[in-house]
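As the structure lists them, so they are numbered: ligands from 1, and atoms in each ligand from 1. FYI, the numbering just counts along the sequence from 1. Both backbone and side-chain heavy atoms feed into the values below; hydrogens, waters and symmetry mates do not.
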Amino acid sequence: MDPLLLLLLLHGLLLLPLAALLLYRHSPPFQFLCKVAFFNCWIVALATLLSPVAALRGRSVENMRLLRAALLPLKHLYGIRMRVRDSELLRLPGPFVIVCNHQASLDLMGMVEVIPERCVPIAKRELLYLGTVGWACWLSGIIFIDRCRRDAAIEVIARTASAMRQENLSVWVFPEGTRNPGKSMLPFKRGAFHLAVQAQVPIVPIVISPYWDFFSPEEKRFTSGTCTIRVLPRVETLGLSPKDVPKLTESVRQAMAEALAEMSMSDHRDQDMEQPLLGPGEDRGSPQGQGDTARSRK
Ligand SMILES: CCCCCCCC/C=C\CCCCCCCC(=O)SCCNC(=O)CCNC(=O)[C@H](O)C(C)(C)COP(=O)(O)OP(=O)(O)OC[C@H]1O[C@@H](n2cnc3c(N)ncnc32)[C@H](O)[C@@H]1OP(=O)(O)O
Ligand SMILES: CCCCCCCC/C=C\CCCCCCCC(=O)OC[C@@H](O)COP(=O)(O)O
């Protein structure tokens, strides 16, 4: 080959990463794409690396610690500051059911920030088929339900209720049943509330503030920002029966909707941002006080 042509080609190859870098810095949609892809790659990579370790222990809720450790660094990479309010409300003597709003996969970051010891999420069955990610989830004791087969899902919930008491296991449920980027929460599915009533354990609602300051799939925007997680007072279910479930569901949803509305109004202009390790993020506002942050559990 002509040496001159080769030289030109080499220069071209060197320019490619530079062009990508420039595009990343100046095109929010490209940055969004890269950040979402990196999020998924991170999960696949960590699941692949850590599931053999988890497999040594066998399927156990103890592996949730590994899952937490794998996902906790994400907030630093993305420059998302997590403020947890009233985390002491999660310190209960026995098991309980956590219900939380579900906006996007990003909720995993908030989940690992507050999820207590011996607590597993309920997830859709489809996650099981995501290769090593499914394997990692299964090894961590995550409970899978088939949302299209109500009878089977109800049976899984009944088995989970007895496991909760026998094994001192708490459960994390997204009662909206699907991701919901909208401004208000979807109507709640009743499974989580049947679960709590069957196991006769309290319900602890958790509300994650809206992401629209820093994350919007519609606008292809993903910058750094602050996310507030608020733990609400527990709701007892002792003595309640299945006939009380609809009212229970509604009252918990009401409390969460009110908290969400309140959190949507207070914007995050006055909180300082963390500098993302993954490059620039549109920081809004100036660095100031910590607010009423109560750093997470334990
Ligand atoms: C080792 C280290 C590795 C590191 C690597 C890291 C990897 C990490 C990666 C990843 C981490 C994973 C993170 C997990 C996150 C996943 C998130 C999701 O997947 S969210 C989707 C799934 N969640 C749900 O769907 C909610 C639960 N769903 C329910 O509870 C529903 O209620 C369900 C499925 C049970 C039924 O749904 P229906 O669509 O039929 O609707 P309904 O309105 O709730 O129920 C209809 C009737 O059935 C009764 N019913 C419901 N549940 C009942 C029950 N348990 N017992 C009796 N009746 C029940 C109800 O009372 C209702 O009847 P009446 O209208 O009241 O007469
Ligand atoms: C044979 C190997 C194939 C391997 C392919 C691996 C590709 C995996 C890519 C990314 C893994 C990321 C998993 C993130 C888990 C996010 C949990 C989540 O938020 O699930 C959504 C679910 O709550 C509601 O689902 P829908 O809104 O109803 O939908």
Side-chain angles (χ1 to χ4, degrees), residues 36-74 97-112 115 119-162 171-182 186-199 203 208 217 241-250 253:
V36 169
F38 183 86
F39 187 88
N40 291 327
C41 288
W42 179 273
I43 290 177
V44 174
L46 270 289
T48 310
L49 277 172
L50 292 181
S51 24
V53 182
L56 292 177
R57 254 198 291 222
R59 188 176 194 210
S60 156
V61 58
E62 297 301 325
N63 287 327
M64 279 302 292
R65 294 186 186 187
L66 275 178
L67 191 143
R68 269 193 77 223
L71 301 181
L72 275 173
L74 282 168
V97 173
I98 292 174
V99 290
C100 179
N101 58 325
H102 195 14
Q103 303 177 64
S105 301
L106 284 198
D107 295 338
L108 295 182
M109 284 201 269
M111 185 181 86
V112 296
I115 193 169
C119 179
V120 288
I122 285 186
K124 56 176 183 180
R125 214 185 141 68
E126 292 87 323
L127 286 188
L128 258 181
Y129 308 119
L130 287 183
T132 52
V133 175
W135 193 34
C137 289
W138 184 83
L139 284 168
S140 309
I142 289 180
I143 299 157
F144 295 97
I145 55 163
D146 187 340
R147 294 179 293 185
C148 306
R149 292 175 51 217
R150 184 187 295 168
D151 291 349
I154 288 179
E155 207 187 303
V156 171
I157 287 171
R159 266 188 277 129
T160 306
S162 42
V171 177
W172 181 297
V173 188
F174 292 105
E176 289 171 281
T178 187
R179 282 165 292 186
N180 164 41
L186 300 175
F188 280 3
K189 305 280 182 187
R190 303 220 162 114
F193 304 89
H194 279 290
L195 176 62
V197 167
Q198 281 171 22
I203 295 166
I208 303 180
S241 70
K243 69 172 185 343
D244 301 310
V245 165
K247 232 173 100 187
L248 177 70
T249 308
E250 263 334 290
R253 187 178 178 281

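- Checking only distances, H194 does come within under 3.5 Å of ligand 1, N or O to N or O.
- In this structure, atom 3 (C) of ligand 1 has a protein heavy-atom contact shorter than 4.0 Å.
- Nearest residue to atom 26 (P) of ligand 2 from T178, L130, N180 is T178 (criterion: closest heavy atom).
- Contact annotation: for A192 versus ligand 1, heavy atoms closer than 4.0 Å belong to the backbone alone.
- Neither the backbone nor the side chain of L139 has any atom closer than 4.0 Å to an atom of ligand 1 (non-hydrogen atoms only).
- The shortest N/O to N/O separation between K124 and ligand 1 falls below 3.5 Å.
- At a heavy-atom distance under 4.0 Å, no atom of V53 approaches ligand 1.
- Atom 12 (C) of ligand 2 has N40 OD1, 3.6 Å as its closest protein atom, hydrogens excluded (heavy atom only).
- At a 4.0 Å cut-off, not a single heavy atom of E126 sits close enough to ligand 2 to count as contact.
- In this structure, of H102, E176, Q103, M111, the residue bringing a heavy atom nearest to atom 23 (O) of ligand 2 is H102.
- Heavy atoms of A70 found under 4.0 angstrom from ligand 1 belong exclusively to the side chain.
- Shortest contact from atom 2 (C) of ligand 2 to any protein heavy atom: G131 CA, 3.9 Å.
- At the top of the distance list for atom 16 (C) of ligand 2, counting protein heavy atoms only, stands S105 OG, 3.8 Å.
- Taking each of M111, K189, R150, E155 in turn, the one with a heavy atom nearest to atom 40 (O) of ligand 1 proves to be R150.
- Residue contacts with ligand 1: C137 is placed with no nitrogen or oxygen under 3.5 Å of a nitrogen or oxygen of the ligand (distance criterion only).
- Any N or O atom pair closer than 3.5 Å counts here, and R179 shares at least one such pair with ligand 2.
- Inclusion of R190 in the set of residues having an N or O under 3.5 Å from an N or O of ligand 1 is warranted.
- With a heavy-atom cut-off of 4.0 Å, L108 touches ligand 1 through its side chain alone.
- None of I145, I122, I143 except one satisfies the side chain to side chain contact (heavy atoms under 4.5 Å, CB included) rule with V173; the exception is I122.
- Within a 4.0 Å radius of atom 67 (O) of ligand 1, the protein contributes no heavy atom.
- In terms of protein heavy-atom proximity, atom 20 (O) of ligand 2 is nearest to K124 CE, 4.2 Å.
- Proximity of V44 to ligand 2, defined as any heavy-atom pair under 4.0 Å, is confined to the side chain (atoms from C-beta onward).
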